[in-house]
2 protein chains.
Amino acid sequence: MENLQVGCKIETKKLIELMEYLKVISDENRLRILCFLKHGERCVCEIHETLNLPQNLTSHHLKILREAELVIARREGKWIHYRLNDEKIRCLTKLYKEVILGG
Amino acid sequence: MENLQVGCKIETKKLIELMEYLKVISDENRLRILCFLKHGERCVCEIHETLNLPQNLTSHHLKILREAELVIARREGKWIHYRLNDEKIRCLTKLYKEVILGG
DNA sequence: GTAATATATCAATAAACATTGATACAATAG
DNA sequence: CTATTGTATCAATGTTTATTGATATATTAC
């Protein structure tokens, strides 16, 4: 049944999910981190040194990306390695297409 | 030539362009407006009545969408009709794919 | 145990942004 | 002209969010 209240066939739940995803990635530093991680798994120090970001700021943005499940953390000794969660990103990209492009 | 400073082959200019696009669409009301306009051209009063948004707030969000060139305005008497700028949206979606998914 | 390194958290500040109410502008009707 | 309707702008407010500096936690080396 069509959702007449919002005048849009997209369910509110999906719309909110997309919005939260977009809020997470609509930040220059987080976009740079995501781009950098396309090269493969990297530890926090590699990220913050390569991107010229303060350590605590990098950690903060990684937390936001982690909570959004866009990246996955893995501890190895002192280091914590981050990698992209490709499946989640693909899934949210599908949602983006559905809401923005889809009929 | 690779941009070593940001550790990412994506140029800063593209990254900023994508970020600005994402900031514009990472808002619930603007997403609803974009979804609603998928049905075709609509005037401001139709938008704000259908989406249950105050008129001035609707106008404000439309301005942001207009400045981002995601929608196009057309005056017809007292009414101003808004429609999606499909080409711009397709173009920015391509950029999204390039930055987020592309190698 | 202590020192050193890697990462995370906390508190404070500042900037960006959404929302609201009031008002202005533009077009039409009378 | 005035009144009405549709839309935009402005100023004020409150909320969210990015950033910074200081500190805490965790792991390893000694």
Side-chain angles (χ1 to χ4, degrees), chain A residues 6-7 12 15-37 40-83, chain B residues 6-7 12 15-37 40-83:
Chain A
V6 297
T12 295
L15 210 129
I16 302 286
E17 188 185 359
L18 175 63
M19 182 198 68
E20 284 169 352
Y21 167 56
L22 295 172
K23 276 193 193 303
V24 169
I25 65 171
S26 65
D27 174 89
E28 186 180 349
N29 288 327
R30 290 195 288 269
L31 276 180
R32 284 190 198 282
I33 291 172
L34 290 175
C35 278
F36 183 52
L37 290 181
E41 204 182 47
R42 294 286 188 274
C43 71
V44 179
C45 61
E46 285 177 302
I47 298 168
H48 98 253
E49 280 164 16
T50 307
L51 303 187
N52 271 305
L53 293 178
Q55 179 272 320
N56 55 354
L57 183 56
T58 306
S59 195
H60 169 250
H61 284 305
L62 283 169
K63 184 183 184 183
I64 290 170
L65 290 169
R66 204 182 340 113
E67 285 173 348
E69 297 179 274
L70 300 181
V71 300
I72 295 167
R74 178 179 67 84
R75 179 180 281 276
E76 194 178 299
K78 283 189 289 192
W79 292 271
I80 298 182
H81 298 271
Y82 281 88
R83 68 176 187 276
Chain B
V6 296
T12 295
L15 210 131
I16 303 285
E17 188 185 358
L18 175 62
M19 182 198 67
E20 283 169 353
Y21 167 55
L22 294 172
K23 276 195 193 302
V24 169
I25 66 172
S26 63
D27 175 90
E28 185 179 350
N29 288 327
R30 290 194 290 268
L31 276 179
R32 285 191 197 281
I33 292 172
L34 290 176
C35 277
F36 183 52
L37 290 180
E41 203 182 48
R42 294 286 187 275
C43 70
V44 179
C45 63
E46 284 175 303
I47 298 169
H48 98 251
E49 281 164 18
T50 306
L51 303 187
N52 272 303
L53 293 178
Q55 179 272 321
N56 54 354
L57 184 56
T58 306
S59 196
H60 168 250
H61 285 305
L62 283 169
K63 185 184 184 183
I64 290 170
L65 291 169
R66 206 182 339 114
E67 285 173 348
E69 296 178 274
L70 300 182
V71 300
I72 296 167
R74 178 179 66 84
R75 180 178 281 275
E76 194 178 301
K78 283 189 289 190
W79 293 271
I80 298 183
H81 298 271
Y82 282 88
R83 67 176 188 277

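Throughout, a chain's letter reflects where its sequence line sits, starting with A, and its residues are numbered from 1. In what follows, every heavy atom counts, from backbone to side chain, and hydrogens, waters and symmetry copies are set aside.
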Would you say [X]'s side chain and [Y]'s backbone share a donor-acceptor pair under 3.5 angstrom?
X: B:E46; Y: B:C43; answer: yes
X: B:T50; Y: B:I47; answer: no
X: B:T58; Y: B:P54; answer: yes

Mind checking what makes salt bridge (charged side-chain N to carboxylate O under 4.0 Å, His left out) contact with B:E20, not counting sequence neighbours?
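Listed in chain order: nothing, the list is empty.
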Output side-chain donor-acceptor pairs under 3.5 Å for residues 67-80 of chain A, partner residues at least two apart or in another chain, one line each.
from, atom 1, to, atom 2, distance (Å)
A:E69, OE1, A:K88, NZ, 3.4
A:R74, NE, A:E41, OE2, 2.9
A:R74, NH1, A:E76, OE1, 2.7
A:R74, NH2, A:E41, OE1, 2.6
A:R74, NH2, A:E41, OE2, 3.4
A:R74, NH2, A:E76, OE1, 3.2
A:R75, NH1, A:G77, O, 3.0

Look at the side-chain N and O atoms of A:Y82 and state whether any lies under 4.0 Å from the OP1 or OP2 oxygen of C:dA6.
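For C:dA6, OP1/OP2 do not have a side-chain N/O of A:Y82 under 4.0 Å.
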With the side chain of B:R75 defined as its heavy atoms from C-beta on, choose the nearest nucleotide among C:dA27, C:dA8, C:dA18.
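Comparing C:dA27, C:dA8, C:dA18 against the side chain of B:R75, the answer is C:dA27.
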Could you list where the contact with chain A starts and ends along DNA chain D, reading 5' to 3', using a 4.0 Å heavy-atom cut-off?
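The footprint of chain A covers D:dT17 to D:dT28.
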Gap between atoms [atom1] and [atom2], on [X] and [N] respectively (whole Å):
X: B:W79; N: C:dA27; atom1: CH2; atom2: P; answer: 13 Å
X: A:D27; N: C:dA16; atom1: CG; atom2: C1'; answer: 12 Å
X: A:K23; N: C:dA16; atom1: NZ; atom2: P; answer: 16 Å

Out of curiosity, A:L22 CG to B:K23 NZ, how far, rounded to the nearest 0.5 Å?
11.5 Å
What nucleic acid atoms does B:N56 come within less than 4.0 Å of, heavy atoms only: base, sugar-phosphate, or nothing?
base
When all nucleic acid strands are considered with a 4.0 Å heavy-atom cut-off, which category describes B:H60: base, sugar-phosphate, or nothing?
base
